[in-house]
Amino acid sequence: MWRRSASFILDQRIQHDAASTSKPETLSLSPPQTEASHMAASVEPFNQNPNPKISAYYQTRAAHTGVVTPDWLAQAQAAVGRQTEDLPSPEPDLKESDSGKSFSVIKEFDNWRKQPDLAEAVAAIRALAAVIRVSEATTMMELEIELKKASDSLKSWDTTSISLTAGCDLFMRYVTRTSALEYEDFNSARSRLIERAEKFGEISYKARRIIAMLSQDFIFDGCTILVHGFSRVVLEVLKTAAQNKKLFRVLCTEGRPDRTGLRLSNELAKLDVPVKLLIDSAVAYSMDEIDMVFVGADGVVESGGIINMMGTYQIALVAHSMNKPVYVAAESYKFARLYPLDQKDMAPALRPIDFGVPIPSKVEVETSARDYTPPQYLTLLFTDLGVLSPSVVSDELIQLYL
Amino acid sequence: MPDVQVLVNDFLNKLKKRKIEGSLATARQTAELLRSVISQQRVPYTNQARALIDAVRAVGEQLIAANPVELAVGNIVRRVLHIIREEDLSLTTAAMAGLGLSAASDDEDDADQDNHPVLSAAAVAAAARSTLRPPSLQTLLEDVPDSAAVPHTSSSGGDSEGKSKSADKSSRTRKLKHDVIEAVNELIQDIATCHEQIAEQAVEHIHQNEVILTLGSSRTVLEFLCAAKEKQRSFRVFVAEGAPRYQGHLLAKELVTRGLQTTLITDSAVFAMISRVNMVIVGAHAVMANGGVIAPVGLNMVALAAKRHAVPFVVLAGSHKLCPLYPHNPEVLLNELRSPSELLDFGEFSDCMDFGSGTASPLLHVINPTFDYVPPKLVSLFITDTGGHNPSYMYRLIADYYSADDFVVQRRSPTGR
């Protein structure tokens, strides 16, 4: 009785109309925004995401995890070199205008996130630390308001990145909580916040080592591991296992369109770990010989499920139907206050896919970069808070936000 | 000290030779042994909790190594360590609050003592409370509290205070040990009464005219069923005999003497009879942190049959059976193989199983595992002495009873990890 309506035709027509009327790119979306952009004319490129249709987070990920080409290497080196010079320079800019402050947050964040080894949340927290450092607030309340503004602007700049949102929320939460402790002196409280934020980078690195340590027991000699997507945490896990002289084999999925599998297999080959590449469709075919699946996560949601690169849900479904455990390695600052009810229930994160041949314009392409895996398909999560089953995640989140 | 060593060696011997049957007896004896260790341990003025923890850890490591499959030993060792930490913490915060001094807050001691001469006691208590909990999101941005931080509090607190405190300190020395021993006594009491507490809940779960299935023999299950019988519930019990030890026979006899209608079946008949059963109630050897159960052999099959026919699978377990570890490869690592003589008679089969004659190894192997691993998705309900719980809730009970620092019971190596 309830047949699906052919609403996709209607949707398409509406989309076409919308696209044809709003020709000029992103600046003319709404009047207040254009005014703001006129005001901060010199700082345009950074106040707005250059192309909101494409997720900046996934662009950066693709840049980091794509196959290493000489161009990329040069770019990375330039970014690292630029990084040290850039830190002092945003500060003199600040004295100029009010919008200069948010300018520096986003620019700062952008600089930090370009480093290939740095996690998103760490970059966000470092950027917020920079805001504290240059802020002229004299009371805790004022500082918090400034931070809230900066954090909101960061979040709205890239709505698709979950670890960015989670990192900002975590830092805001921490600030409000420590300000509740009676620090007599505002300056010392401020310096403590800055010091903590800078230390956060070490925590992130430490978190990866803890996760690698916790997962060692679960990798036994002679096992075959399936890996999807390029996660630095999972790489650390496998590196540690290789260093502990465990004998295991890795199957990596190709990971279209980012070709994460190629990058990962490169890294693993350096460690002398036997690697086999699969195309994404060959997962069910090889699931028989696989002992466990290891994935990272872009975000861990309240239900205990994860948001990760497109394809993770598929693999989890196949693994579950064949009784293979699915292990997730994620740092605890990726826990986010989201509760997606289905695949489309998140902010869309789109990523252009290059098929190699031109596609006729009438043909649509599903460009979403990520999917949501519900908790019943996951076996265990390895985090720096310990080994958790998916049901523990919501408990942890409640503890944080209470 | 020499007394304690003798006791420890004696107990180690018993564990290695598997002379102690059952997790209840093991748990009780472990707790009593640790109580003696603590009472005999001489503690210094400062850092007493650290001394106690080290002593218990040293003994605990040996005990766990003697019988790694008997998880109750490790559980009790960790419970005692958790008790020591808790008592130390409550003493410290009580002392701070009582004297209202500028004492150490958790980990910010050394750096900030000069800057923050006065912190309210409430803040200290809150901060101190957070060190006892396992690392969580909220402690993420603080220094991750080292397990040394807790005894550190008492020591640096001692150092920074004036001479007026020294009188207090000596009373505190005695108080910590006294409190810990009291708490361990409570633990022993809990272990001894776990059967009664579980059996009290029988009436909520067993209803009139039900058919219950069980396998082998478990004292907890026996008391559970008898408690329901005493509350005038009439029900029938199917007992699967539980080869090769056939303890189901003993259970059936016991049930009959208490007046319950019993049917005895073979293990292989479980699948055939499961559709006529309302509920499966079994005991466990140990419960892991993910909700998985280490149970006597044959129960995995019963659990699968119950899942297939949508029959609730209820596991009864005292809190000393809760283990904070996650199992990886439990069928091999947490299992014990018993003597083949329980299956085959050496007399008749001597030629097949003979290692000495002719060929290097015999063609007939006999494997007699003691335990089975039942994954959490097959279990419907856990009934512990604190009530009925979901398998996915086990982690909460574990967080209450154990500290995260104790999951690996090994003496702190000087290099540190």
Side-chain angles (χ1 to χ4, degrees), chain A residues 125 166 170-171 173-175 177-178 180-185 188-189 191-193 195-197 199-200 203-204 206-207 209-210 213-220 292 304 323 325 331-333 335 375-376 379-380 382-392 395-402, chain B residues 102 105-108 111-112 114-127 129-130 133-144 288-292 304 324-330 332-333 375-377 389-396 398-399 402-405 407-408 417:
Chain A
I125 292 185
L170 188 67
F171 193 67
R173 189 78 199 149
Y174 173 68
V175 167
R177 191 169 269 150
T178 38
L181 288 179
E182 293 134 32
Y183 282 102
E184 297 284 322
D185 186 10
S188 53
S191 54
R192 178 166 171 77
L193 285 177
E195 175 216 339
R196 281 278 145 259
K199 282 247 171 86
F200 195 70
I203 295 178
S204 153
K206 215 174 9 166
R209 300 229 33 83
I210 296 177
M213 215 172 65
L214 285 173
S215 30
Q216 286 315 296
D217 275 332
F218 289 79
I219 300 178
F220 50 90
M292 64 185 87
N323 269 327
E331 302 100 310
S332 56
Y333 50 75
F335 287 16
Q376 59 262 35
T379 316
L380 286 177
F382 299 121
T383 70
D384 47 325
L385 305 176
V387 180
L388 310 174
S389 27
S391 36
V392 185
D395 216 37
E396 280 298 326
L397 276 170
I398 292 173
Q399 274 179 19
L400 175 65
Y401 285 98
L402 260 185
Chain B
S102 64
S105 69
D106 50 350
D107 43 17
E108 310 159 5
D112 296 352
D114 306 319
N115 300 336
H116 306 287
V118 176
L119 282 173
S120 70
V124 169
R129 226 179 296 131
S130 70
R133 289 159 82 201
S136 74
L137 279 174
Q138 65 192 38
T139 57
L140 204 60
L141 277 154
E142 304 278 347
D143 274 323
V144 174
M288 312 301 291
N290 63 344
L304 285 166
L325 305 173
Y326 280 85
H328 44 274
N329 208 2
V332 171
L333 297 178
K377 61 178 192 243
H389 306 291
N390 219 342
S392 58
Y393 190 72
M394 279 301 131
Y395 71 90
R396 273 302 235 129
I398 283 163
Y402 303 101
S403 322
D405 298 318
F407 286 177
V408 180
R417 249 178 298 112

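The chains referred to below are lettered A, B, ... by the order of the sequence lines, with proteins before strands, and numbering in each begins at 1.
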Contacts of B:H389 that satisfy side chain to side chain donor-acceptor pair (under 3.5 Å) - sequence neighbours left out: B:T386
Among the listed options B:P376, B:S392, B:P375, B:G291, the residue most often paired with chain A at heavy-atom distances under 4.5 Å: B:S392
Under 4.5 Å from a heavy atom of chain A, the part of B:P327 involved: backbone
Residue list, side-chain contact (heavy atoms from CB on, under 4.5 Å) with B:Y326, at least two apart or on another chain: A:F218, A:L380, A:V387, A:S389, B:A289, B:N290
Distance in Å, A:S391 OG paired with B:M394 CE, rounded so as to fall on 0.5 Å steps: 11.0 Å
